[in-house]
Amino acid sequence: MPELPEVETTCRGIRPYVVGCKVSSIVVRQPKLRWPIPESLHELEGQKVLSVKRRAKYILLESAKGTAILHLGMSGSLRVIDVDLAPEKHDHIDIIFATGKAVRLHDPRRFGAVLWTREDPLQHKLLSHLGPEPLSDDFNAALLYQVSRSRKVAVKQFIMNAKVVVGVGNIYASESLFMAGISPKISAGRISLARYKTLANAIKIVLTRSIEQGGTTLRDFVQAEGKPGYFQQQLNVYGRAGEACTVCGTQIKQISQGQRSSFYCSNCQK
DNA sequence: AAAGACACCTGTCCGC
DNA sequence: TGCGGACAGGTGTCTT
């Protein structure tokens, strides 16, 4: 499911029901996620949530005692529900608020995570080595150009590397490269500064537009209030192998790069 | 240091 | 209808 736009959509969706609200209890039905859910997570009980922040694809629920770090993995979603709504299969955790609402984590594949830290969450081992946010000014062509020199990896895998830039997952990597007219197969180190300007701009536009549409729902992503995203209607290449390019009509190709599928138009992207 | 393979887990879809 | 295999939005870890 979630790349940056879906995580951002989720944060915006839960924020009104969470910020300033007191956590009355936390129910863990399945502690075996990517890592075991720590017992210390219960330190959030009795605390007021001070903020909901996002860093990369991590969701941070901050309190005076510490911060819950959530990740949605490949198939996770958070929904705001009434506390008495019966849980269904794969509803692993409820963070229950004194308001009578709860945030419920649903994650069939259990690649997601829920962690707890008493320190600055940005110093957490999982967050401290991440690259810049793609929608910030720290992410730009100069950075891509500089970091890519002498790198032989394909540009598609390069922009999906969270040490280079966070939040660009498999869908938006393909879509951004299409918008920029760059083949996913080109070595990152052989791309000019001018082309990286086009690419950095494309990444920002694609992610921003997707956030505006509530993200992309391929199978099971839902926003906090249960609605799907709508950006999938604007996908030009992802999942469209064999179909006609929306620009030139050439058949969209699918290849495998780094064990992930890539989609591109061999005529529009060089 | 960089790149590639693999691991985690469940559900779905496709071909036979 | 059933079964095996491939594949799916992520990313840490281990091996070359």
Side-chain angles (χ1 to χ4, degrees), chain A residues 1-10 29-37 54-59 69-78 88-93 105-115 124-131 134 146-177 184-190 203 206-207 210-211 213-223 228-235 237-242 254-263:
Chain A
M1 165 222 139
E3 299 186 35
L4 186 143
E6 293 74 40
V7 177
E8 179 62 28
T9 296
T10 298
R29 297 184 198 83
Q30 169 59 277
K32 292 182 183 172
L33 300 189
R34 179 156 195 201
W35 297 282
I37 294 176
R54 178 189 60 73
R55 171 72 174 115
K57 296 170 191 164
Y58 295 93
I59 298 167
I69 301 174
L70 316 200
H71 197 286
L72 300 177
M74 288 277 263
S75 59
S77 59
L78 294 182
E88 298 182 1
K89 196 173 183 183
H90 305 308
D91 285 344
H92 305 314
I93 300 182
L105 173 68
H106 178 86
D107 185 7
R109 294 178 73 179
R110 287 192 273 128
F111 290 168
V114 180
L115 302 170
H124 190 279
K125 185 185 170 192
L126 294 175
L127 308 198
S128 60
H129 300 296
L130 294 173
Q146 181 198 328
V147 178
S148 65
R149 292 311 90 180
S150 82
R151 297 287 292 270
K152 290 181 179 167
V153 71
V155 63
K156 157 97 168 357
Q157 291 160 271
F158 180 68
I159 60 173
M160 288 180 68
N161 181 342
K163 288 182 180 168
V164 175
V165 57
V166 301
V168 182
N170 208 34
I171 298 178
Y172 301 113
S174 282
E175 292 298 315
S176 299
L177 287 164
K185 297 189 282 191
I186 305 290
S187 284
R190 293 182 47 244
I203 288 170
V206 166
L207 294 178
S210 182
I211 290 170
Q213 297 289 308
T216 296
T217 296
L218 257 33
R219 277 164 281 278
D220 47 16
F221 172 68
V222 288
Q223 303 180 34
Y230 294 99
F231 191 72
Q232 63 276 12
Q233 296 167 9
Q234 293 175 39
L235 297 179
V237 289
Y238 185 86
R240 298 192 58 235
Q254 176 173 1
I255 59 173
S256 183
Q257 296 183 285
Q259 348 263 96
R260 311 300 297 276
S261 289
S262 303
F263 301 86

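No hydrogens, no waters, no symmetry mates; every other heavy atom, side chains included, goes into these values. Treat the numbers as computed from the prediction; the structure is a model and nothing was measured.
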Between C1' of C:dG10 and NZ of A:Lys57, the distance in whole Å: 6 Å

Secondary structure of DNA chain B in dot-bracket form (Watson-Crick or G-U wobble, distances below 3.5 Å, | marking inter-strand pairs): .|||||||.|||||||

More than 12 heavy atoms from other groups under 6.0 Å of CZ on A:Arg190: no

Sugar-phosphate only, base, or nothing, as touched by A:Ser150 at under 4.0 Å among non-hydrogen atoms: nothing

Whole-Å distance separating the CD atom of A:Glu6 from the P atom of C:dG9: 12 Å

A:Phe263 and A:Tyr238 aromatic ring geometry - parallel, tilted or perpendicular at 30°/60° bounds: perpendicular

All side chain to side chain contact (heavy atoms under 4.5 Å, CB included) counterparts of A:Gln257, not counting sequence neighbours: A:Ala154, A:Lys156, A:Gln157, A:Pro184, A:Lys185, A:Ile255, A:Ser262

Sugar-phosphate, base or nothing in reach of A:Phe231, heavy atoms under 4.0 Å: nothing

Interatomic distance at P, C:dA6 relative to B:dA5, whole Å: 16 Å

Value in whole Å for how far the P atom of C:dA8 lies from CD of A:Glu3: 13 Å

A:Arg260 CZ to C:dA6 P, straight-line distance once rounded to whole Å: 18 Å

Distance in angstrom units between A:Arg240 CZ and C:dG9 C1', rounded: 18 Å

Options B:dA2, C:dG10, B:dG11, nucleotide nearest the side-chain atoms of A:Lys89: B:dG11

B:dC9 base / A:Arg109 side chain donor-acceptor hit below 3.5 Å: yes

If you restrict it to nitrogen or oxygen atoms, what contacts under 3.5 Å exist between nucleotides 13-16 of chain C and the protein, and what is each distance?
none

Sugar-phosphate, base or nothing in reach of A:Lys152, heavy atoms under 4.0 Å: sugar-phosphate

Spacing of A:Tyr172 atom OH relative to C:dG9 atom C1', expressed in whole Å: 8 Å

Whole-Å distance separating the CD atom of A:Gln30 from the C1' atom of B:dT10: 12 Å

pi-stack flag for A:Phe111 and B:dC8, centroid dist under 5.5 Å, interplanar under 30°: yes

Rounded interatomic separation in angstrom, taking CZ from A:Arg34 and C1' from B:dC6: 12 Å

Residue pair A:Gln254 / A:Ser261, side-chain donor-acceptor N/O under 3.5 Å: yes

